[in-house]
2 protein chains.
Amino acid sequence: MENFVFQNPTKIIFGKNTVSSIGEETALYGKKILLVYGEGSIFKNDIYSRVVQSLENAGVTSIEHSGVCSNPLLSHVRTGINLVKKNDCQAVLAVGGGSVIDEAKAICAGSLVQHDVWKFFTGKKTLRKALPLTCVLTLAASGSEMNSGMVITNEEKKQKFGYGNKRLFPKTSILDPETTFSVPPNYSAYGAVDAISHLLEFYFTTKVSSTPVQDRFIEGLVKTLMESCEQVLQDPFHYQARANLMWSATLALNGLSSAGLGRVGFPMHMIEHSLSAIYNIPHGAGLSIIMPGWLSYHLQKDPKRIYQFGRRVFGLHNQSDIKGSELTVQLFKNWLKSINCPTSLHDLSIFENDFAEIATNALSLAKIWRLHKYEQKTIETILHLCT
Amino acid sequence: MENFVFQNPTKIIFGKNTVSSIGEETALYGKKILLVYGEGSIFKNDIYSRVVQSLENAGVTSIEHSGVCSNPLLSHVRTGINLVKKNDCQAVLAVGGGSVIDEAKAICAGSLVQHDVWKFFTGKKTLRKALPLTCVLTLAASGSEMNSGMVITNEEKKQKFGYGNKRLFPKTSILDPETTFSVPPNYSAYGAVDAISHLLEFYFTTKVSSTPVQDRFIEGLVKTLMESCEQVLQDPFHYQARANLMWSATLALNGLSSAGLGRVGFPMHMIEHSLSAIYNIPHGAGLSIIMPGWLSYHLQKDPKRIYQFGRRVFGLHNQSDIKGSELTVQLFKNWLKSINCPTSLHDLSIFENDFAEIATNALSLAKIWRLHKYEQKTIETILHLCT
């Protein structure tokens with residue numbers, strides 16, 4: 001295990017009928033807040049009215065900032081920041097999935113500075129303070145509800161960049177699995193895939209050899225994400241499956257699964273970010289295509305590790321490392337197909353003549369994320385394996 | 001999964017050469033502190049001098065309160081509280097294992113009130129504020145370094161009672177595995193057993209049926225604790241084994257492994273507390289005796305669950321639930337023997353004619369811990385299975 005510092009102060013309120021606590025929790029940080037949400041899904045399941053009622057009961061006034069889209073846009077973040085400044089909001093409440101929470105974090109970051117918020121993402125400025133954030137999560141996927149990171153797309157520059165800072169941990173996040181009952185099958189599956197991708201990035205990019213605590217934690221979460229995703233696709237109202245999916249997705253990226261693994265990278269996310277920046281595809285769909293391709297590329301480098309994953313997650317045994325690792329990637333790809341996720345760029349009508357452009361876009365991120373061994377050619381090779 | 005609230009704000013600084021951060025971390029909370037430690041083991045490994053040097057570098061003055069024993073005593077806690085009050089200490093620093101940290105927590109709790117600290121343990125008073133606490137952990141065992149609980153023995157009343165409150169989370173805990181190199185084999189093993197016992201209490205007393213996240217987390221930690229304990233007994237200077245043991249023990253009782261399991265109980269600890277209150281035996285040694293006995297008693301009630309544990313931790317397969325669960329308990333008992341821990345009360349010269357007294361003592365705790373189904377006769381039956 002490598003040296004690490006771990007601290008995660010977010011308060012999680014998990015379970016049935018917990019949405020009504022949001023007013024009380026938010027009132028701790030401000031009586032006038034910006035309420036951030038997406039394109040209307042929170043009007044299903046009565047979530048919106050329960051949130052507004054709870055805020056009212058707690059004496060909290062809200063200014064609404066709606067219309068956050070998936071792969072949230074910098075221009076929309078800027079509008080939110082202007083709203084906060086104009087109305088002197090003291091806190092931000094995000095009601096939605098990872099995109100809504102990420103945009104809310106960007107608003108929290110940009111509201112207390114005079115310069116443009118994008119400067120945090122390009123490394124030109126460091127965050128020193130941020131507005132407090134509370135969340136009601138409505139999609140099991142990104143883990144943003146219990147971490148300090150965010151990803152925003154600069155639509156002018158076609159850049160999808162991330163930034164993290166300890167001041168961006170939500171103060172409180174409410175996780176009521178029932179709020180996810182209305183998530184359609186494809187997005188439920190994309191969410192599970194997103195959470196799995198976070199775990200696989202850690203598992204397969206660590207260079208530390210003795211990490212049994214983290215390995216088993218990750219393997220257990222992946223198994224639970226797979227099982228509960230299957231159950232949710234069978235029955236969208238399966239409470240326990242929704243609950244297990246939700247809590248696993250949160251734990252996948254709250255800092256614990258990577259603590260002790262040393263410097264890990266996000267090469268699969270790097271390539272996916274370019275895909276969704278250029279084609280605006282759902283993040284989970286992009287990851288579902290990139291993961292098996294990246295693992296195939298990674299096969300020669302670390303068959304032992306991939307086969308360990310195959311033994312412990314897929315129950316493989318009695319194979320050589322090479323054969324076992326190949327089978328592992330195949331089984332994983334089959335599973336992604338079984339939950340109706342795309343596993344080839346061709347599935348999304350992205351063809352070989354675009355690969356150079358995608359790779360060039362990814363390269364700009366490779367520099368920022370210090371993934372120096374990913375050159376133009378490497379990325380193109382991986383893209384060819386994603387077909 | 002059951003509804004839960006989870007929040008754990010403790011900052012963990014983990015790894016080699018981290019002890020020297022303690023001055024800086026502690027200075028955040030006070031410039032005059034009470035330094036709590038045990039019976040001298042911190043003079044080995046140079047821990048004491050490194051701590052004192054680090055405090056000095058950070059401009060922190062300390063009043064020393066040494067001599068904390070295992071199963072820390074109320075009278076000694078009271079002495080510490082008097083020292084804090086007399087010297088106007090602003091914070092407490094614990095350097096040691098779970099006993100030292102628990103005593104330090106009790107001092108933090110009792111220093112800001114006029115009444116006796118024991119009233120928190122008997123439920124007569126509720127904690128509203130506490131002094132800030134920082135820790136340097138030197139024993140992988142109790143998990144106290146990242147939770148809000150403590151256990152203190154009232155030697156006059158022969159009561160070993162626990163109390164928990166969110167104000168008792170350490171602010172920062174430093175976990176340097178090298179500080180545990182000098183822990184002798186028996187105490188290394190007792191520490192692993194202690195951590196395993198926390199996980200087994202959760203695993204076998206939950207009444208919630210769908211808990212795959214928690215089950216796999218617990219199973220993974222138990223496997224790692226077992227493996228790394230064996231490695232440590234082979235080679236006390238095996239850094240990775242010490243590291244894995246240390247982090248697993250912390251994670252075993254930081255709130256995460258039980259979040260979502262509903263109301264869990266500590267029946268094995270209840271009986272062990274009586275043993276160590278009466279005989280002053282090491283906590284881990286007592287647990288090593290009680291666990292197989294309690295599991296044997298529990299066999300008829302929940303063979304399915306015990307066999308799940310046996311399949312996933314010991315690799316059992318192709319057994320009936322009954323046979324599989326019996327084998328699981330046997331394998332676990334064998335493992336405890338293999339690390340030279342006692343597995344019978346007779347090993348510690350505790351015999352049948354004492355069982356009534358032990359059970360009576362445990363009963364007083366059963367009431368406080370709301371373990372109502374544990375009557376005198378039940379506890380005596382379990383004690384007979386612990387031979």
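Naming convention: chains lettered A, B, ... in sequence-line order (proteins, then strands); numbering from 1 in each chain. Source: prediction; values computed, not measured. Quick note: numbers below take in every heavy atom, side chains included, and nothing from hydrogens, waters or symmetry partners.
- In terms of heavy atoms, A/P170 sits closest to A/S144 at CG-O, 3.8 Å.
- For A/R167 and A/F169, the positive end is not near the middle of the six-membered ring at less than 6.0 Å and at most 45° from its axis.
- Interface remark: B/E227 contributes side-chain atoms only to the contact with chain A (heavy atom separation under 4.5 Å).
- Side chain of A/T180 to backbone of A/P177: a donor-acceptor contact under 3.5 angstrom is found.
- A donor-acceptor pair under 3.5 Å is formed between the side chain of B/T179 and the backbone N or O of B/L137.
- Contacts between residues 10-26 of chain A and chain B, defined by a heavy-atom separation under 4.5 Å, are made by A/T10, A/K11, A/I12, A/I13, A/F14, A/G15, A/K16, A/T18.
- Judged purely by atom type and a 3.5 angstrom limit, B/K105 uses its side chain to pair as donor or acceptor with the backbone of B/G149.
- Looking only at atom types and distance, the side chain of A/N165 has no donor-acceptor partner in the side chain of A/K129 under 3.5 Å away.
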Practice item. Apply side-chain contact (heavy atoms from CB on, under 4.5 Å) to B/L133 and B/K171, showing your working. Key: CA-CA 6 Å; B/L133 170 67; B/K171 300 291 181 192; 5.9 Å; no

Practice item. Could you go through the side-chain contact (heavy atoms from CB on, under 4.5 Å) check for A/V313 and A/T328 one step at a time? Key: CA-CA 9 Å; A/V313 174; A/T328 302; over 6 Å; no

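- For B/N244, the parts lying near chain A are the backbone and the side chain together; criterion is any non-hydrogen pair under 4.5 Å.
- When all heavy atoms are compared, the tightest approach of A/G260 to A/T211 is O-CG2, 4.3 Å.
- Using modelled atom types, one side-chain atom of A/N147 and one backbone atom of A/G143 make a donor-acceptor pair closer than 3.5 Å.
- Contact detail for B/L245 and B/A192: the closest heavy-atom pair is CD1-CB, 3.9 Å.
- For residues 248-258 of chain A, heavy-atom neighbours of chain B at less than 4.5 Å comprise A/S248, A/L251, A/L256, sorted by residue number.
- At a heavy-atom cut-off of under 4.5 Å, chain B is reached by no residue from residues 196-207 of chain A.
- Taking all atoms of both residues into account, the shortest heavy-atom contact from B/S210 to B/P212 is C-CD, 3.4 Å.
- Nearest approach of B/P132 to B/C108, heavy atoms of both residues: O-SG, 4.1 Å.
- Taking every heavy atom of both residues into account, B/S142 and B/D194 meet most closely at CA-OD2, 3.5 Å.
- Panel note: side chain B/Q214, backbone B/L261; no donor-acceptor pair is recorded below 3.5 Å.
- For residues 232-242 of chain A, heavy-atom neighbours of chain B at less than 4.5 Å comprise A/Y239, A/Q240, sorted by residue number.
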Review point. Could you go step by step and tell me if A/E219 and A/Q308 meet the side-chain contact (heavy atoms from CB on, under 4.5 Å) rule?
Key: CA-CA 10 Å; A/E219 291 150 2; A/Q308 172 180 300; 3.2 Å; yes

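- The side-chain tip of B/R305 does not point at the ring of B/Y307 from less than 6.0 angstrom away and within 45° of straight on.
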